[in-house]
Amino acid sequence: MSIIFDEEQQILHIRNHAISYIMEIVDGKYLAHRYFGKSIRSYHKTGITQYFKRGYTTEHEISIPYASFDDFPFEYPVREHGDFRIPAFAAEPASGITYSQLEFHSFEVQKGKPAIAGLPSVFASQEEAETLKIICEDPTAGIRVTLFYSIIDNLSIVLRHQKIDNVGRHSLRLHNVQSLSLELPPQPYEFLSLYGSHAKESNRSRFPLHYGIQRIESLRGSSSPQNQPFFALMSPNITEEHGEVYGFHLVYSGNFLAQAEKDSFGNVRAQIGLHPESFSWVLEPGETFETPEAVLNYSDSGLNQLSQNFHQLYLEHLIPPQFTRRTRPILLNSWEAMYCNVSMEKIDIQSSLAKDLGIELFVLDDGWFRSGNTTQTSMGDWICNEQKLPGGIKTAADLVHKKGLLFGLWFEPEAVGKDSVLFQEHPNWILGIPGYNRTEGRHEYLLDLSQKPVQEHIKHMLDSYLKDGDIDYIKWDMNRPLTDVNSISLDKNRKKEISHRYILGLYHILNWLKNSYPNLLIEGCSSGGARFDPGMLYYVPQIWASDNTDAYDRTSIQDGFSLLYPPSAISAHVSIVPNHQTGRTTSLETRYQTASLFTLGYELDLTLCSAEEQNVIKQQIADYKQNQKNFLSSTFYRHTTPDDNHIMWSIVNETDCFLYIMQKRHDPLRSHGKFHLLGLDPNADYQNIDTKEIFSGDELMHIGITIPCVKEDYHTFILHFRKM
């Protein structure tokens, strides 16, 4: 791992054994991108574009003959003086003219990985990481921009963010501050993203990159189920196992913009960061603004390596470290058993059955504070309804704890209902536009998390429930997008700061919660996966992937999220059939097996399960516990299958391979495909634990296995191979 400056060539080379990132300082002031990809030993200015004289362009003082800013590979581009492609930065100085001219000033190298004030970011020790800081300045406008580039050990990843300082004498307004901009050479690329909706999150979209701008975004106040804050540019022939890919992921939970532009010459510029449409920021003299962190990921061995890079980074350098390798308790969530009609008697019955089956955590979901049995009342006051639960939450927690189970509780701290005392006493704490009726979502409004008193109120409310140690787990939910985005705490010149300030307020509360209660297990949720992003994973070790628990739909949802997130971060529950979201019926075995490679839970009414089903669940839980530690030390693979009628995953470690295959539909014409394993030791033999058959590792990988033709839709197979 090294960051090298070649003074003679004016080259900055960030390098480890996996990747190289190379920039050139041209004429002492222009910072040009030259290469990002597989690690190279040294660079001698190969592959630089050969310019020619052409019309309808601009001329500049630069030593490269005929160079035009219209296709120059700027490391952090602005638009106003000859580069008309997508800009990474735009600021309005005291002149009122949106114009800046950032020129290279200096650089320094430091050990370790800096934190970002008020924002989640990857962490690493001084021995694990190294960071390059490049300072660019516009002295006329009073702007200093520091570009940060961090590498960690031998991960194929560069971490990027920017710090903007107002070094002038007048206020400055930022309009656009992207976290990352990358120039890629002309060649065919495909654009990959993950799109969806509530109950259908994280589906792959893949299409050839064409001339012009292609973009995904969220303006919903959260990262959203519509678009994950991620995209990739990849070779057209890429598979899970082969091909080159560049991945871009934003460590942020709010509005974002991710885009790629292919210019007239085939050059490609890729960017990700805060969405400029919902953002501006006033910087007074001496003030600083820092952007969210962006993860730049490279693989030359297909999408699996890209995933494994993300997984390793997030497990070892983002998720709260006390939970990284800790087995998670298997939970029973009360929602589908009780909905809002909760009672102490139901908690008693469900938790007793849960304990008998081997479940370790009982979670009381929505309803415990409601005046009625619907989601339309009482939101925001968080006072337990003791007509439902005599003695309150402490009594419920004691009841569950006495059975030997952990106790968890559901909250939606950001929401408030119009019938609440909070709404009546503090109407100015709610997002809203003066003179207009507020927009409801799920019968709720949203608290203005940009206000300090609101943040302190939420912290005080949570602390009142957590300080006595009765609660071992909380589910933090958020069930609607942001609308009426206005805060009374900001004047008219700062109104476009509110969306970002809301997220900063959320992070402030979560950071307090994480530090005050480090052993509290927190599960993130936002109507399922509406805020499943790396920003949240800095504070919570697992996130509810979707309100849709249908096993068939969950294969695509979990497959999509697995592209970016380790299995332990993805919560997956076994629920009742017919499924409450889709009406589909799948076997109990299929429902369990689809959830079993992830963080397992159950979400059903155990009193409706027959004695036979309860025995099956008991055995499932015993099997899961036996293998759970194995899963945490394993590498996750998605597999290319013989046809689109199957989906295949595996987790592999030094001793074991667990293989999951779902047959979506029974189809005799597609019953003869071969399924190839990955990640095994080719020189070792492996035994099928169930059949006791023995196979060589290279045989399983290169020839593959076949599966029985089962006359059943949505049938799943779990095969366990152990290295001999």
Side-chain angles (χ1 to χ4, degrees), residues 118 173-175 197-198 217-227 229 252-257 274-282 292 366 374-382 411-459 461 476-510 524-531 533 535-536:
R173 183 182 295 274
L174 304 176
H175 291 294
S197 68
H198 173 252
E217 62 190 357
S218 173
L219 286 165
R220 298 168 186 264
S222 68
S223 49
S224 87
Q226 277 68 31
N227 288 297
Y252 189 64
S253 307
N255 295 337
F256 73 90
L257 175 64
L274 294 170
H275 202 306
E277 187 176 325
S278 63
F279 171 83
S280 75
W281 197 273
V282 176
D366 198 351
T374 75
T375 59
Q376 299 185 28
T377 66
S378 312
M379 178 57 72
D381 291 336
W382 301 107
F411 289 94
E412 192 179 349
E414 299 160 67
V416 60
K418 60 186 175 184
D419 66 339
S420 66
V421 174
L422 182 64
F423 184 92
Q424 303 304 319
E425 292 184 351
H426 298 284
N428 291 334
W429 282 9
I430 290 92
L431 293 176
I433 312 295
Y436 295 89
N437 292 329
R438 291 180 173 91
T439 304
E440 288 191 34
R442 197 179 182 251
H443 324 296
E444 300 166 357
Y445 307 121
L446 289 173
L447 291 169
D448 177 9
L449 266 57
S450 71
Q451 295 188 45
K452 290 292 183 184
V454 175
Q455 297 168 19
E456 293 306 309
H457 170 80
I458 294 174
K459 287 158 61 176
M461 181 275 293
W476 182 299
D477 209 345
M478 192 271 198
N479 282 301
R480 52 155 298 170
L482 269 66
T483 57
D484 316 304
V485 183
N486 176 63
S487 172
I488 64 156
S489 65
L490 295 175
D491 65 35
K492 65 180 181 180
N493 294 317
R494 292 179 175 267
K495 293 300 186 185
K496 291 187 77 173
E497 297 180 10
I498 298 170
S499 293
H500 184 53
R501 287 187 181 275
Y502 182 99
I503 298 299
L504 292 177
L506 171 68
Y507 289 155
H508 171 77
I509 299 166
L510 289 171
C525 178
S526 181
S527 285
R531 207 157 61 186
D533 56 65
M536 290 301 293

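Judged by distance alone, the side chain of Asp477 and the main-chain N or O of Ser527 form a donor-acceptor pair under 3.5 Å. At least one donor-acceptor pair closer than 3.5 Å links the side chain of His275 to the backbone N or O of Glu277. With hydrogens and angles ignored, the 3.5 Å screen pairs a side-chain donor or acceptor of Gln451 with a backbone N or O of Asn428. Of the possible polar contacts, none joining the Asn255 side chain to the Leu274 backbone as a donor-acceptor pair under 3.5 Å is found.
Counting only N and O atoms by type, the side chains of Arg173 and Ser280 include a donor and acceptor under 3.5 Å apart. With no hydrogens or angles considered, no side-chain donor-acceptor pair links Thr483 and Tyr445 at under 3.5 Å. Remark: the Lys496 side chain and the His175 side chain contain no N/O donor-acceptor pair separated by less than 3.5 Å. Checked by atom type, the side-chain pair Ser222/Ser224 shows no donor-acceptor distance below 3.5 Å. No donor-acceptor contact under 3.5 angstrom links the side chains of Glu444 and Asn479, judged on distance only. Between the side chains of Asn227 and Ser218, no donor N or O sits under 3.5 Å from an acceptor N or O. Neither side chain, Arg220 nor Ser223, offers a donor N or O lying under 3.5 Å from an acceptor on the other.
The aromatic ring centroids of Trp476 and Phe411 lie 6.0 Å or more from each other.
Ring planes of His500 and Tyr252: tilted class, angle from 30 to 60°.
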